[in-house]
Amino acid sequence: MTFTRRIPADRLLDFDVREGDTLRVIATSGSAFVVQVSRAEEGSLHRKSTATEWLRHAKGSVRLETGETANDVRMEYYAAKYGLAQ
């Protein structure tokens, strides 16, 4: 189950919470909560590439078999990435 609630900003100011952070309630103690704040490392925020971009940048380094198309390679990539049987 997922739900969203609004919390007044002044309650989170000491956490240096930023957009994109994840807050997880670890424990409750009376009227207090123990909260864990998770933030992705700055260097790990790189954009994931798609199979199409990979094919475009790998142009010339990818050797297609006789009768194989770029779409065949793309589908093979996705099958391997998502563990699908072809």
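This is a predicted model, so every value here is computed, not measured.
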Are R5 and F3 packed together at the side-chain level, in the sense that at least one heavy-atom pair is separated by less than 4.5 angstrom? yes

D16 bridged to R18 by N-O distance under 4.0 Å: yes

For V35 and I26, run side-chain contact (heavy atoms from CB on, under 4.5 Å): C-alpha distance rounded to whole Å, both residues' side-chain angles, the deciding distance at 0.1 Å, then the answer. CA-CA 6 Å; V35 179; I26 303 295; over 6 Å; no

Linked, directly or transitively: F15 and I7 (ILVMFWY side chains, under 4.5 Å): yes

Minimum side-chain heavy-atom gap D72-L64 below 4.5 Å: no

Can you confirm whether more than 12 heavy atoms, excluding those of Q36, are under 6.0 Å from its CD atom? yes

Report yes if the side chains of L23 and V17 come closer than 4.5 Å at any heavy-atom pair, otherwise no. yes

How about F33: does its CZ atom have over 12 heavy atoms from other parts shown lying under 6.0 Å from it? no

Verify same cluster id: V34, V37 (apolar side-chain graph, 4.5 Å): no

Within 6.0 angstrom of D14 CG, more than 12 heavy atoms from elsewhere: no

Do side-chain atoms of E76 reach the backbone of V73 as a donor and acceptor pair under 3.5 angstrom? no

